[in-house]
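Below is one structure; the comments refer to it alone.
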Amino acid sequence: MKYTLTVLLALLLCKLSFAQTVYSVKGSTADTISNVKLTNATISVLNAKDSTLRAFTRAAADGSFFINKKLGKGKFILLATYPKYADYVEEFTLDSAHATHNFGRISMILKAKLLEGVIVKGTRAAIKIKGDTTEYNASSFTVQPGAKVEDLLKQLPGIQVDKDGKITAQGQSVPKVLVDGEEFFGDDPTLVTKNLRADMVDKVQLYDKSSDQAAFTGIDDGQKTKTINIKLKEDKKNGYFGKADAGIGTKDFYSGQLAVNKFAGKEKMSAYGTIANTGKTGLGWEDANKFGTSNNNVEFNDGGISIFSNSSDEIEGWGGQYSGEGIPKARAGGLHYDNKWNSDKQTINGNYKIGSLGVVGTRNTQTQNNLPSGTVDANGDQSFVKTNSDSRFNNYIFRQKLDAAYTLKIDSLSNLKFTLDGTLKNTETETNSLSTSTRENGSLLNRNDNRLNVDGDQKTFNFSALYTKKFKKAGRTLSVNISESLDRTNNTGFLFSDIDIYDESGTQTSGQLTDQRKVNTIKSNMLNSNITYTEPFSKYFSLMANYGIGVSSSDADRRSLNRASNGEYTLLDPLLSNHYQLDQLTNQTGAIFNYKKDKTTFNFGTKVAFVKFGQENMYTGEQFDRNFTNWNPQATYQYRFSQQKSFRFNYNGNTRQPTIDQIQPIRNNNDPLNLVVGNPGLTPSFTNRFQVSYNSYKVLSNRSVWINGSYSLTSNPIVSNVNFDRATGISTRRYSNLSGETPTSFNLYAQTDMKVKFLFGMNVGVNVSTNGNTSFNQVTQNGIEQTNRTRNNTYQVGLNLSRYVEKKFDFYANFGPSYNTSVSSLNPNTNNNGRGFNGFHYLNVYLPLKVQLGAEGEYQYRAATQTFNEDFSRYLLTLNLTKSFFKEQNLKVRINVNDVFNQNQGFSRNASGNYITQNSYTTIKRYFLFSLIYEFNKMGGGAPKQ
C-alpha cells in the first residue's frame, strides 16, 4: 500500500511539473542604426508547417515583447513588422529543453536603406492575399536586366502568358491591365506588359475588378472583370523610357515599332506605333478590340431582345479579326495621357488609337453532314452530304478610336465621373468562293459560285456620367448613373450567286441566279439611367436598392436592288428588302442584402426588368409587339480563413429572351442553301450558374493553391431545328423551345505552384482542368423530328517549369496532355474521342561578349479519331541571335528565324453534332528577319511634387 501511494505521488508530481512547463518567446525591436526602440512593432508567431498564425503581440514602449500563450512544442516562424521597415523573419523550435526562445535585440532597417546595399536578416513575403486580391512582391521574383512586365508576369505563380501575350490567371482570361489603378491604353493589356520595364514594378495585384458602382457601395453586384494592376516604384515615376525596333526580312517580310513614355509623378504620357506583315497586328493580341467595334448587335444590358444577330446579313462585313488565316499587313499607333492634380481631386485619362489591317489569303473548307441514324441511301448505307468550298479573300479595315474619363472629387463625400468614347471604322472586303456538295455515293448534289464585295462605314459614340455620394452615416450612399450610346452604320455591296442543283444521274434539275446591289443603313440610340441607394440596418447588415429606366430606338433599312435591263441596279426586291423601326422601353428594379462580419461576407438579392418591345415594318405596315419580364437572382458567400486563405461561392440566374432572328427573322439571301424561318411562339429560357473558388498561399514553403469551378443548367432552352432536303441540299432552320431536356456546362480548374529546391530551385506549377457541356438540337428528316444530344468533355493536365539565373539563362515551359470526348446521340457509332498534347517553351542563354541566344517553340498534337482518321502534329520553332552594344546594352542587332522547320500548317478541324469540318488556309511560314533595336531609359530621382 505504501509502495502504491509512493508511485501515485511521483506520477502526480511529474504531471504537475509537466503542466507547469510554459513555452514562450521574448526579445526587443530597435532601429539598426539609430537604436530607436520600435514601439508597437507587430510580433507574430506562425506555424512552420503551414504558415498559419499561432499568436501575436505588440512591442512595448521600450521595444520589448513577450508571448507565452497558445504556444507549445513545435517548429515556428517569428515575423516582426513595422511601417517602412523591412520584415524580419526567423525560424525557431520550442521543446522541453528549450521552452523559452530569447531573440535578444532584433535590429530592423528602413526599406530605403536597403536600396543603399545594406543587408538585413529577413525576407518580404513573395505573395500576400488580401480579401479578393492576390498581391505579388516584384522584388521576390528574378528577371533579366531590361526585361518587360510580360517577363515578370511569367514568373508569378498562377499566371500564364502565351506566345502572343495573352494573359491567363488562375485559369481565367485577363482582359484588363492597369497601371497604379488607372487605365493605360484602355482595351489592350499588352500595351502595358510589352511596353513597361519590369524593374519599374513594386507590386503586381491580381483581383476581380468590380463595377464602379459596386466598388463605391462595397456591395457585390455580380459584375466582375479579372484584372491585373501594376504598382510602380516611387522612384520609377519620374523620367522617360522607350524603344525603337526596325526589321527587314526575306520573302518581303518587315516589322517596325516605336514606343515613347514619359512619367512625371502622377502624370503619364505615352505614344506607340507599329508596322508589320509578320502576323504582329499591334503590341498586343486582342485584335477585335483594336480594330473592330461593337457590331450591329443591339444587346440591351437589362436582358432585352437582341435586335440584330451576327448572321442577319453578311453584307454587314468583316469585323477586323486576324487569327492566323492569310497574310496580314498591319499598321497601328496610339497616344495615352493621364494625370491627377489639385490634391488628387481631379483626374483625367485619355487614349487615342489609329490602325489599319489588311489580310489576303485563300481558304479550303471541307464539311460532312452526317444525316441521322435511320436515314439511309438506296443500298441501306448511312447517308451524308459532303461539301467542298474554295475561297479567296481580300479584307481591309481602318479604325480610329478616342476615349476619355474625367473624375472630380466635389468634396470629401461626393464624386462625379464622366466617360466617353467614339469610334470611326471603314471596311473593304472581297470574297470569291466556289462550293460543291456531293451525296454519299459521290453524285453531285449542287454547286454554288458566290462573290461578295462590301464597303462599310461605322460611327459609334458612348457617354456616361456617374455621381456618387456618401452620407455621414457610415454605409449610407447614393449613386446615379446615366449613359447614352449612338451607332450609325452604312454598308453597300454587290452579291453575285449562281446555284445549280443536280439529281443522282448528274442532270441539272434547277438553278438560282442572284445579281444584286445591297444597301444597308442602320441607326440606333440607347439611353439608360440607374439610381442606387444603400442603407445600413446595423453594423453588419445593409441593403442596396436600385431603379433604372432605359429607352432605345433603332432604324434598320436594308435594300436589295436587282439589275435592270440597262445594267443599273435600280429594281427593288420587296421579298429581300425591309425597313424596320424598333423601340424598347425597360423598367428595372432590384434589391441586394449584404451581411459582413469578421471573416464572413454574404449577399443575396435579385433584379427584375419589365420590357416593352415594339417593331414595325415600314414597307408592309406589319407590327410585332412583345412584353416580357426578366429575373436575375444572385447570391455570394465568402469566408476568409486567414489573410492568406479564402473561399468564395457565387450564384446567379438570368432570363434569356429569344432574338429577333429566332422570332421574326429579317429575311436575307446571304446563303440561299441555308434558310432561316421564324417562330413567334418562342418563350424565354432561364439559366442557373454556380461558381466556387478557393485560394491559399503558404509563406514558408512559398506554395500557392488556386481552385475554381462552375456549373450551369438551362431550363426551357431555345434550340435549332434543321430540316435538310436531300433532293436539293437546302437546309431550313427553325428555332423552338425544347421541353424535357436541360443543357448543362461545367468547368473545374486547380493549380499549385512552388519552388522546388532539389530541382535546382526551379519554380514548378501543376494544373489540372476539365470542362464540358451537353447541348441539344433537333433534326427533321422525311417529316420525322428527332432530338440530338451532343456531349463534349475535355480533360487536361499541365506542368509549368521556370528558372531564372541572372545574366546566365532564363527558361520557361508549359506542357501537358489532354483528352477530348465528343459523341452525338443521333450518330452514336461515330465519335470524336481522341488524345492531344500541347506545349510552349522559351529559352534565353546569355553568352560572353554580350551575345544572347533565344529559342521559342510551340507544339501541338491531335491523335486520329473515328471522325478524323489521321494524326495532326506540328512544332513551330523560332530562333534568335542577339548582339548587344555599349555598357547599358541598349543597342542590339538581332537575327530571327521564324518557323525553323517550316511546319506552320494553316489547318483546323472540329466536329459538332452532325457536322464534321476541316479547314486549310494560307498562313505565314519560315522567313528570316534582321532587326536593329535601340532602347532608351532615364528613370529615377523620385516623383516630383504635385
Side-chain angles (χ1 to χ4, degrees), residues 309 311-317 363-369 371 383-393 429-440 442-454 491-520 558-578 619-620 661 664-678 720-734 780-782 915:
S309 74
S311 62
S312 58
D313 198 335
E314 67 178 321
I315 196 71
E316 290 172 3
R363 182 189 303 112
N364 173 264
T365 302
Q366 299 181 39
T367 304
Q368 179 171 310
N369 178 8
L371 302 180
S383 293
F384 59 82
V385 172
K386 285 187 175 181
T387 301
N388 183 81
S389 175
D390 289 297
S391 62
R392 301 188 309 274
F393 55 89
T429 64
E430 179 181 354
T431 304
N432 299 318
S433 63
L434 177 63
S435 65
T436 57
S437 297
T438 57
R439 302 177 180 87
E440 62 280 338
S443 63
L444 184 62
L445 176 61
N446 59 53
R447 177 165 33 212
N448 184 12
D449 182 5
N450 189 284
R451 297 192 293 272
L452 178 67
N453 300 291
V454 179
N491 290 318
T492 61
F494 294 91
L495 173 65
F496 177 86
S497 175
D498 187 5
I499 299 175
D500 297 325
I501 298 174
Y502 301 84
D503 61 20
E504 294 196 27
S505 66
T507 303
Q508 181 179 346
T509 59
S510 62
Q512 180 178 327
L513 179 66
T514 302
D515 186 3
Q516 293 182 331
R517 181 173 182 257
K518 302 281 191 175
V519 180
N520 290 356
R558 303 168 185 265
R559 303 183 184 183
S560 296
L561 302 170
N562 293 315
R563 179 180 287 193
S565 57
N566 59 1
E568 299 293 328
Y569 295 90
T570 56
L571 302 178
L572 183 70
D573 189 333
L575 295 178
L576 298 172
S577 301
N578 49 69
Y619 285 169
T620 65
D661 267 0
Q664 183 182 354
I666 299 172
R667 189 174 179 186
N668 65 79
N669 60 336
N670 58 354
D671 187 354
L673 295 177
N674 292 278
L675 306 177
V676 180
V677 297
S720 66
N721 187 327
V722 178
N723 189 340
F724 183 78
D725 187 345
R726 280 179 49 81
T728 63
I730 296 177
S731 295
T732 303
R733 183 184 303 272
R734 184 177 186 269
T780 300
Q781 293 288 336
N782 302 323
Y915 290 89

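Heavy atoms only: backbone and side chains are in, while hydrogens, waters and symmetry mates are out.
- In this structure, Arg392 places its CZ atom where only 12 or fewer heavy-atom neighbours from other residues, nucleotides or ligands lie under 6.0 Å away.
- The structure places CG of Asn491 at 8.5 Å from OG1 of Thr429, a figure rounded to the nearest 0.5 Å.
- The CG atom of Asp515 sits 8.0 Å away from the CG atom of Asn562 when rounded to the nearest 0.5 Å.
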Asn721 vs Thr780, side-chain hydrogen bond (donor to acceptor under 3.5 Å, both in side chains): CA-CA, chis, key distance, verdict: CA-CA 7 Å; Asn721 187 327; Thr780 300; 2.9 Å; yes
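- Asn446 CG to Ile499 CD1: the interatomic distance, rounded to the nearest 0.5 Å, is 7.5 Å.
- Note that CG of Leu444 and CG of Asp503 are 10.0 Å apart. Values are rounded to the nearest 0.5 Å.
- In terms of modelled atom types and a separation under 3.5 Å, the side chain of Gln516 and the main chain of Leu495 share no donor-acceptor contact.
- To the nearest 0.5 angstrom, Leu445 atom CG is 9.0 Å from Glu504 atom CD.
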Worked check of side-chain contact (heavy atoms from CB on, under 4.5 Å) between Leu571 and Asp573: CA-CA 6 Å; Leu571 302 178; Asp573 189 333; over 6 Å; no
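- Side-chain atoms of Ser577 never come within 3.5 Å of backbone atoms of Leu572 as a donor-acceptor pair (strictly under, hydrogens ignored).
- Under 4.0 Å is where a charged nitrogen must lie from a carboxylate oxygen, and between Arg447 and Asp449 no such pair does.
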Audit row: Val454, Leu452, side-chain contact (heavy atoms from CB on, under 4.5 Å) steps and yes/no: CA-CA 7 Å; Val454 179; Leu452 178 67; 3.9 Å; yes
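- By the 6.0 Å contact criterion, CZ on Arg733 is open, its count of non-hydrogen atoms from other residues, nucleotides or ligands being 12 or less.
- Between the CZ atom of Phe494 and the CZ atom of Arg517 there is a distance of 5.5 Å, given to the nearest 0.5 Å.
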side-chain contact (heavy atoms from CB on, under 4.5 Å) evaluation trace for Arg559 with Tyr619: CA-CA 11 Å; Arg559 303 183 184 183; Tyr619 285 169; 3.5 Å; yes
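- A donor-acceptor contact shorter than 3.5 Å links the side chain of Thr509 to the backbone of Ile501.
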Trace of the side-chain contact (heavy atoms from CB on, under 4.5 Å) decision for Asn369 with Thr387: CA-CA 8 Å; Asn369 178 8; Thr387 301; over 6 Å; no
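- Screening Asn723, Val676, Asn674 for a side chain to side chain contact (heavy atoms under 4.5 Å, CB included) with Ser731, the sole residue that qualifies is Asn674.
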